[in-house]
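Here's the structure, in C-alpha cells; my notes come after.
Since the model is a prediction, treat every value here as computed from it, not as a measurement. Letters go in sequence order (proteins before strands), and every chain restarts at 1.
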Number of protein chains: 4
Amino acid sequence: MNEHTPLTRAERQRLQLQAEIIEAAFLEFSERGYHQTAISDIAKRLGIGHGTFYRHFQNKRDILDKVILDTLYKITALLAEENAPDAVSTLEDYIIQCERIADRFQQFAKDNPKTVRLILLEATSIDKEMTAHINNLLHMGGLFVANYLNNGIQKGFLKANLDTEMTGHAVVGIIIAGALRFLSDVENPKMLEQYAYAAVQLLISGVAA
Amino acid sequence: MNEHTPLTRAERQRLQLQAEIIEAAFLEFSERGYHQTAISDIAKRLGIGHGTFYRHFQNKRDILDKVILDTLYKITALLAEENAPDAVSTLEDYIIQCERIADRFQQFAKDNPKTVRLILLEATSIDKEMTAHINNLLHMGGLFVANYLNNGIQKGFLKANLDTEMTGHAVVGIIIAGALRFLSDVENPKMLEQYAYAAVQLLISGVAA
Amino acid sequence: MNEHTPLTRAERQRLQLQAEIIEAAFLEFSERGYHQTAISDIAKRLGIGHGTFYRHFQNKRDILDKVILDTLYKITALLAEENAPDAVSTLEDYIIQCERIADRFQQFAKDNPKTVRLILLEATSIDKEMTAHINNLLHMGGLFVANYLNNGIQKGFLKANLDTEMTGHAVVGIIIAGALRFLSDVENPKMLEQYAYAAVQLLISGVAA
Amino acid sequence: MNEHTPLTRAERQRLQLQAEIIEAAFLEFSERGYHQTAISDIAKRLGIGHGTFYRHFQNKRDILDKVILDTLYKITALLAEENAPDAVSTLEDYIIQCERIADRFQQFAKDNPKTVRLILLEATSIDKEMTAHINNLLHMGGLFVANYLNNGIQKGFLKANLDTEMTGHAVVGIIIAGALRFLSDVENPKMLEQYAYAAVQLLISGVAA
DNA sequence: AATGAATGAGCGTTCATTCAT
DNA sequence: TATGAATGAACGCTCATTCAT
C-alpha cells in the first residue's frame, strides 16, 4: 500500500470512531476528571457499548495517553505557527512578537478551555509518569522561550546577562498563571486581555519606575 | 467551651490523634496521591485501626479538606511572617525585600517539597470544589503581591501605571513555575537559587536592554 | 444426498475448512486448555475471521464436542487396527499380543501427546456431559480389554475365575497411569518402555514370587 | 504467645469462617468446576458478602490452592494411617494388607466422592501449575507403593526382578481407574467391592492361568 | 459465504463506609 | 472509644456471540 492508496471505507470508519472516542474521553476527563470517569461514561457519551472501547484502546491508561498526545499536538501546532525566534531584530518588533504570541495564547485558551484544564489541572496527578510528561512539556516550554531570549541578546535588544533558561521558565510561569486565572473565571474574557498586557509589560521592563 | 476552659486530658488526646491522622494523611496523599491512597493506608501508617479514622473524620473527602486547610495555614503563616508591604520605601529596599521573600519561598520549598506537590499537582484535580480552593489560594497570592506593588507605586519607586492585580498574578505564576521546576528536580538545589535570582531580575527590570 | 452423489467443489471446500477448524481448535484446546482458549485464538491460528467460525459451528461448546469426537475416532481406529481378541490361543501368543498392543499405545502417545493430554486432563472438567463422554470412553476401553480376557479364559490360558470386566477396567487404569507418567515427562521416552514392560509383567503374572 | 495460649474469640471466628469458605469453595469447585464457579457463588452459598471473601483469601487462585491443600491433607492422612510397608513378611499378610488398603480407599471414595472428583477430574486442567501438583501427587503415590513392593522383594515374597517404581505407578493407575469407575456410578457401591477384589487378584498373581 | 466491528453479560477485584463487639 | 470484620457498589476488562456489510 503506497502513500496514495486511499483508505477503505472500513478503515475510515475505524479512524473516525477512534477519533470520536478520543474526543469523548477528552471531554469526560476534562469535565469530570480522569479518576472520576469510568470507561462506561465515555461509551455512554458516544452511545456505544463499552466493550467497543476495548476494540480501539488497550485500557483506560492507554486512552489517556492518546488524549494527552492529541492535546499536545494542538499546543505544539499553536507554537509552531509562530514565526521563528530570530525573526525579530529590534525591541519594538520583539514587543510586537510578544503581544502576538500572547494573543495567540489568549485565543487558544478561549477556544480550548477544557484542554487547558486537562493539561494544567487534571494531568498533573494521574500518576508519576503523566506528571513527568507534563513537567517535561513545561520544561520544553521554558527552553522554547529561552530561544527567543537568546536571539534578543544576540541582536542586542535584550539584557546581555540574562539567565535565559531560568527566565524562560519564569515566562512559562507567567503564562500558566494567566491560564489558571482564566480557568477560574471563564466568563470574563476582558480579564485575560488585561493580564496579557500586564504580563508583557512585566516581561519587557519589569516593575521598577 | 470558652477560651478559659482547659481541655481535659481526653480532649487533648483526641486533638492529638486528629493532628496525627492529618499528618499521616498529608504524607500519604502527597506521596501516593489522593486517589491512590486508601483510608487503610493512612491508618496503617499511624498504627491505628482504620475504623478509628471514621471517629474523627466524616469520610475520605473530609480529611482531604482538613489536610489542605492545614497546609494552607502553613503557607499563610509563611507569608504572614514577612514584614508588611509598606515597610520599604525605596527601590533598593524593595529589591532586598523581594530577595528575602524569594529566599523564604526557596527555603519553604526545600523544607516542604511534599506540601508543594500536594497543593500544586495533587489538589488541582480532586473535584471542582478543591480546585476552586486552590484557585482561590492563588488569587489571594496575587492580591497579596499586588499590595506590595501598590505600596511601591505609592512610594514612587515602581511604575505608576502598573496593573498591580494582574502583575501580582503574574508574579504568582513566576513563583509557581519555580516550584514546579524544583519538584521536577528536587536533588538540584542550585537550580532554585538561579531561578530565584533570574526571577527577581525579571520582576524588577524585565528583559529589555 | 446418497453415497453416489459427488460432492460439489464448494461442499468439499466447506468440509475441508471445517476439518481445519477442528484441527486448530484441537491444538489450541490441548495446548492452552479449553477455558483459556478464545474463539479468536482458533481463528487466528487458521488465519480466518473469527466470525467465520460461527458459520461452521454453533458455539464454543459445539466445537469441543467435534474435537473430542474427532479424537475419539483416532483412538478407536488405533484399537480397531489390532487383531481380534480371539486371534490368539496360547499364553505365549497372548503375551506377544499384549506387548504389541503396549507398543501401539506407546507409539500413539509419543505421536499424539496432545491428544492424550486433551482426553485425560482437559476434557474431564469441561462439564458433566463431557465428563460422561470420557467416562464412557474408559468404560468401553474396559469392556474392550475384557473381550481379550474372556477369549483367554475360553482358550484356557487365563484364570477361569477372572472378573473380566473389572480386570479390564484395571488394565485401562494401568494404561492411563502410563499415559500420565509420559505426559509429566515427555522428554523421556525410555521411561515409557520400562513402564510398558513392567505393566505387561504385572498383568500376566502379578507381583507375587 | 506460647503454644498454650488459647485463641481469642475473634481468632477462632476468623479461622472458623476461613474453614467455612474453604468448605464452600470445595463444594462449588467440585460440583460446578473451578472455571464455572464465581467468587460470588462461594459467597452466596455461605450467605456472606463477596467482598468478605477477599478479607480471607488473596484471590480465586489462592483459595483453589488452599482447597487442594486441604484435600491433599485428607488423602495423606488416609495413607499415613496405614501401617508401615515393612510391617508384613509373608505373601499372605501382604495380601491382607492390600485388601485392607483397598478397603480404605473404597471407604474414602464413598465418604468423599467430591474430593475424588475434584482431584482426579477438576484439578487436572486448571493451569499448568495445578496439573503439575496433581502429577506430583500421583508420582508420590507410585513411589509410595514402590516402598511396599521393595519390602516384599526384600522379604522374598515378591518377584525379585520387579521394576518396583514402574509397577508402583501401575498400581496407582489401577486405583485411579477404580475411582473413576466409582465416580461414574456412585449409586452402585457393590461395583467398587468387585473392582477392589479383582484389582488385588490382578496385582498378586496376574491373569495367566 | 466470509468478515470483523459491535455488543453486553459476567467476573475478579478494590475500597470507602458501617457497625457489632 | 477503638477496632477490624463485613459489606456491596463500582469499575476495569474479557470474550462468546450477533449481524451488517
Notebook entry, point to check: Regarding D/His35 and C/Gln36, is there a side-chain donor-to-acceptor distance under 3.5 Å anywhere?
Noted result: yes
Quiz: residues 43-52 of chain D side-chain donor-acceptor pairs under 3.5 angstrom, not counting sequence neighbours:
from: D/Arg45; atom 1: NE; to: D/Glu28; atom 2: OE2; distance (Å): 2.6
from: D/Arg45; atom 1: NH2; to: D/Glu28; atom 2: OE2; distance (Å): 3.4
from: D/Arg45; atom 1: NH2; to: D/Glu31; atom 2: OE1; distance (Å): 2.7
from: D/Thr52; atom 1: OG1; to: D/Gly49; atom 2: O; distance (Å): 3.2

Under the rule for side-chain hydrogen bond (donor to acceptor under 3.5 Å, both in side chains), what residues qualify as partners of [X], not counting sequence neighbours?
| X | value |
| --- | --- |
| B/Ser30 | none |
| B/Gln13 | none |
| A/Asp70 | none |
| C/Asn136 | none |

Only counting residues at least two apart or in another chain, list the ones meeting salt bridge (Lys or Arg N to Asp or Glu O under 4.0 Å) with [X].
| X | value |
| --- | --- |
| B/Lys60 | none |
| D/Arg61 | D/Asp65, D/Asp127, D/Glu129 |
| C/Arg55 | none |

Roughly, in whole Å, what's the span from [atom1] in [X] to [atom2] in [N]?
| X | N | atom1 | atom2 | answer |
| --- | --- | --- | --- | --- |
| D/Gln13 | E/dA20 | CD | P | 14 Å |
| A/Leu17 | E/dG4 | CG | C1' | 14 Å |
| A/Arg14 | E/dA6 | CZ | C1' | 12 Å |
| D/Glu11 | F/dT3 | CD | C1' | 14 Å |
| A/Ile21 | E/dA5 | CD1 | P | 12 Å |

Note to self: Can you pull out the residues from residues 28-50 of chain B that lie within a 4.0 Å heavy-atom distance of DNA chain E?
What the structure shows: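 Close to the strand are B/Thr37, B/Ala38, B/Ile39, B/His50.
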Check: For C/Phe26, what residues pass the ring pair (Phe, Tyr, Trp, His ring centres under 6.0 Å) criterion, not counting sequence neighbours?
Finding: none
Next item on the list: Compare side-chain N and O positions of A/Arg9 against OP1 and OP2 of F/dT21 and report whether any pair is under 4.0 Å apart.
Entry: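 For F/dT21, OP1/OP2 do not have a side-chain N/O of A/Arg9 under 4.0 Å.
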Notebook entry, point to check: Where does DNA chain E pair, written as one dot-bracket string 5' to 3', with Watson-Crick or G-U pairs under 3.5 Å, ( ) inside the strand, [ ] for crossing pairs and | for another strand?
Noted result: .||||||||||||||||||||
Checklist line | Residues touching DNA chain F, which here means a heavy atom under 4.0 Å, drawn from residues 51-69 of chain B | finding: B/Gly51, B/Thr52, B/Arg55, B/His56
Check: Any side-chain heavy-atom pair from C/Leu118 and C/Ile68 closer than 4.5 angstrom?
Finding: yes
